[in-house]
Asks: 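Next up is a structure, given as structure tokens.
Just so it is clear, the values below take in all heavy atoms, side chains as well, and ignore hydrogens, waters and symmetry mates.
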Amino acid sequence: MSSRVLLIGDPVAHSVSPAMQNAAFRAADLDWTYEAVTVARDGLAGAWTSIETDPSVVGLNVTIPLKEAVVPHLARVETHDGSVNTIVFEVFDVFDADARGAGGSGRVAVGHSTDGVGFLAALRRVDGRPRRRAVVLGTGGAARAAAAALRGDGSEVTVLGRNHERGRRLASDLGVGFELWERDAPGAAELLERHLDGADLLANATPVGTGDAGASPLPGGVRLPAEVTVFDLVYRPRRTALLRQAAEQGCRTVEGIEMLIEQGARSFSLWTGRAAPTDVMRDAAYAALGTAPEAEV
């Protein structure tokens, strides 16, 4: 029986992960397939029942809006940021079930987050300088992972977002700053510029710009300091409006596709126990976007 890995979330049709991971499985000579399956937040409970009882499913990737919602369904979570993007179904002898709290099932779902380490790896490919102060836009699972990774790497982090409850919980959980902020609200540009004064990284962890080359998470008129590196976690389109704005203002930029590749390589290793063929994955990811890594688009 062929093994399957699923990407669950909504939307997932735009994802390049199936092309990237299936290329990796072929390179590793594994009879595995990777499939994108649309699962909305209100459909997670029903979908989870069929997923966890399907022995062909050996692992998952999880994307918005499920990175936090999936946590209560897991037997164990190997991350401290409260967000999961990778799940491994661990199989063991049923006689060990009681010790593992699995009730005799012989199979448990274990959650991991490869987003944070993938975020830092992608950032260091472009800019290896230590981060003193970072501003993260968004309060969802991707923002949690980025903020946790930066905090763990020694950065002072401020999260800006429009969801007060999620933002305050994120700040309390991770020991970072939070301020309520909405792109279209009066004074949004001034507030963002104040937080960017003295910062050396701006990371967009909102979905703004996904599938829309003209949409930017920045308020109109914002000036970006030239010393700020701008990282957009959105990767489709590859050169988002935010990255174009940043480049025009003299900032270094980091493309979201690089984070996808780096986190995907680590997910591959968690599922398979093997080193990931990262070069193969990078070529496949860029091909899926219709560009080459060295191309200027």
Side-chain angles (χ1 to χ4, degrees), residues 1-22 25 32-79 81-91 101-103 105-116 118 138-146 161-167 169-170 173 205-212 215 233-236 256 259-260 263-264 267-268 270-271 288:
M1 177 176 61
S2 175
S3 295
R4 302 163 64 214
V5 177
L6 307 181
L7 167 65
I8 61 171
D10 185 22
V12 294
H14 71 284
S15 178
V16 305
S17 289
M20 180 177 73
Q21 295 290 359
N22 281 318
F25 293 152
W32 290 30
T33 59
Y34 186 104
E35 309 160 32
V37 178
T38 300
V39 177
R41 185 189 294 272
D42 60 5
L44 176 59
W48 185 260
T49 299
S50 62
I51 289 169
E52 72 171 345
T53 56
D54 185 342
S56 72
V57 178
V58 297
L60 303 174
N61 268 154
V62 183
T63 190
I64 57 173
L66 305 179
K67 290 187 176 186
E68 296 173 73
V70 77
V71 171
H73 295 278
L74 306 178
R76 192 170 76 252
V77 176
E78 300 289 347
T79 176
D81 62 29
S83 171
V84 163
N85 81 318
T86 302
I87 294 170
V88 179
F89 287 102
E90 294 186 357
V91 180
S105 71
R107 174 178 158 97
V108 293
V110 181
H112 304 263
S113 178
T114 66
D115 278 339
T139 57
R144 271 187 166 266
R162 64 183 182 178
N163 189 312
H164 185 267
E165 180 182 349
R166 289 170 66 94
R169 187 168 67 246
L170 186 157
D173 291 347
T206 78
V208 176
T210 301
D212 185 347
L233 276 63
V234 172
Y235 67 83
R236 190 188 285 275
M259 176 177 167
L260 182 79
Q263 64 81 21
S267 295
F268 175 95
L270 286 169
W271 299 318

Asks: Could I get the full list of ring-ring contact (aromatic ring centres under 6.0 Å, His included) partners for Tyr235, not counting sequence neighbours?
Replies: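 For Tyr235, no residue satisfies ring-ring contact (aromatic ring centres under 6.0 Å, His included) once neighbours in sequence are set aside.
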Asks: Looking at every non-hydrogen atom in both residues, tell me the closest pair between Thr86 and Ser267 and how far apart they are.
Replies: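 What the structure gives for the nearest pair is OG1-OG, 2.7 Å.
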Asks: Applying side chain to side chain contact (heavy atoms under 4.5 Å, CB included), can you list everything that pairs with Thr53, at least two apart in sequence or on another chain?
Replies: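 Once residues adjacent in sequence are excluded, Thr53 has no partner under the side chain to side chain contact (heavy atoms under 4.5 Å, CB included) criterion.
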Asks: With side chains defined as the heavy atoms from C-beta onward, is the minimum distance between Val5 and Phe268 less than 4.5 Å?
Replies: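 SC-SC contact between Val5 and Phe268 ruled out.
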Asks: Which heavy-atom pair separates Pro65 from Ala69 by the least distance, and what is that distance?
Replies: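 The pair with the smallest heavy-atom distance is O-CB, 4.2 Å.
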Asks: With rounding to the nearest 0.5 angstrom, report the CG to OG1 distance, Asn22 to Thr33.
Replies: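 Between Asn22 CG and Thr33 OG1, I get 6.5 Å after rounding to 0.5 Å.
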Asks: Do Asp173 and Arg169 touch side chain to side chain, with heavy atoms closer than 4.5 Å?
Replies: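 Touching, per the 4.5 Å side-chain cut-off.
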Asks: Report the residues that fulfil side chain to side chain contact (heavy atoms under 4.5 Å, CB included) with Ala145, sequence neighbours left out, ordered by chain and then residue number.
Replies: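 Ala145: side chain to side chain contact (heavy atoms under 4.5 Å, CB included) contacts with Asp81, Ser113, Asp115.
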Asks: Looking at Trp271 and Ile87, would you say the former's side chain and the latter's main chain have a donor-acceptor pair under 3.5 Å?
Replies: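 Indeed, once roles are kept as given, a pair shorter than 3.5 Å links the two residues.
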Asks: Enter the distance from Asn85:CG to Arg144:CZ here, rounded to the nearest 0.5 Å.
Replies: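 Separation between the atoms: 14.0 Å.
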Asks: Restricting to side-chain hydrogen bond (donor to acceptor under 3.5 Å, both in side chains), what partner residues turn up for Ser83, sequence neighbours left out?
Replies: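 Residues passing side-chain hydrogen bond (donor to acceptor under 3.5 Å, both in side chains) with Ser83: none at all.
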Asks: Considering residues at least two apart in sequence or located in another chain, which fulfil the ring-ring contact (aromatic ring centres under 6.0 Å, His included) criterion with His112?
Replies: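 For His112 there are no ring-ring contact (aromatic ring centres under 6.0 Å, His included) partners, ignoring immediate neighbours.
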Asks: What's the shortest heavy-atom distance between Ala75 and Val108, and which atoms?
Replies: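 So the two residues come closest at CB-CB, 3.8 Å.
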Asks: Just list the side-chain donor-acceptor pairs under 3.5 Å for residues 7-21, sequence neighbours left out, or say none.
Replies:
residue	atom	partner	partner atom	Å
Ser15	OG	Ser17	N	3.0
Ser15	OG	Ser17	OG	3.4
Gln21	NE2	Gly264	O	3.1

Asks: Could you list the residues that satisfy side chain to side chain contact (heavy atoms under 4.5 Å, CB included) with Ala205, not counting sequence neighbours?
Replies: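 Ala205 satisfies side chain to side chain contact (heavy atoms under 4.5 Å, CB included) with Val136, Ala142, Ala143, Leu233 once adjacent residues are dropped.
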Asks: Taking all non-hydrogen atoms of both residues into account, name the closest pair between Phe89 and Arg107 and its distance.
Replies: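 Nearest pair, atom of Phe89 first, then Arg107: CG-NH2, 3.4 Å.
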Asks: Shortest non-hydrogen contact from Val71 to Gly82?
Replies: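 Nearest heavy atoms, Val71 then Gly82: CG2-O, 4.0 Å.
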Asks: Among pairs that include at least one residue of residues 34-61, which meet salt bridge (Lys or Arg N to Asp or Glu O under 4.0 Å), considering only residues two or more places apart or in two chains?
Replies: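 Found Arg4-Glu35, Arg4-Asp54.
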Asks: Between atom CG of Asn163 and atom CG of Leu170, what is the distance when rounded to the nearest 0.5 Å?
Replies: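 Nearest 0.5 Å value for the CG-CG distance: 10.5 Å.
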Asks: Would you mind reporting whether Tyr34 and Asn61 have side-chain heavy atoms less than 4.5 Å apart?
Replies: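 They are in contact (side-chain heavy atoms under 4.5 Å apart), so the answer is yes.
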Asks: Name all residues meeting the side chain to side chain contact (heavy atoms under 4.5 Å, CB included) criterion together with Asp212; count only those two or more places apart in sequence or in a different chain, and write none if there are none.
Replies: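 With neighbours one apart ignored, the set is Ala215.
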Asks: Is any side-chain heavy atom of Leu74 less than 4.5 Å from a side-chain heavy atom of Val110?
Replies: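 Counting from C-beta outward, Leu74 and Val110 never come under 4.5 Å.
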Asks: Is atom CZ of Arg162 surrounded by more than 12 heavy atoms (other residues, nucleotides or ligands) closer than 6.0 Å?
Replies: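 At most 12 heavy atoms, drawn from other residues, nucleotides or ligands, come within 6.0 Å of this atom.
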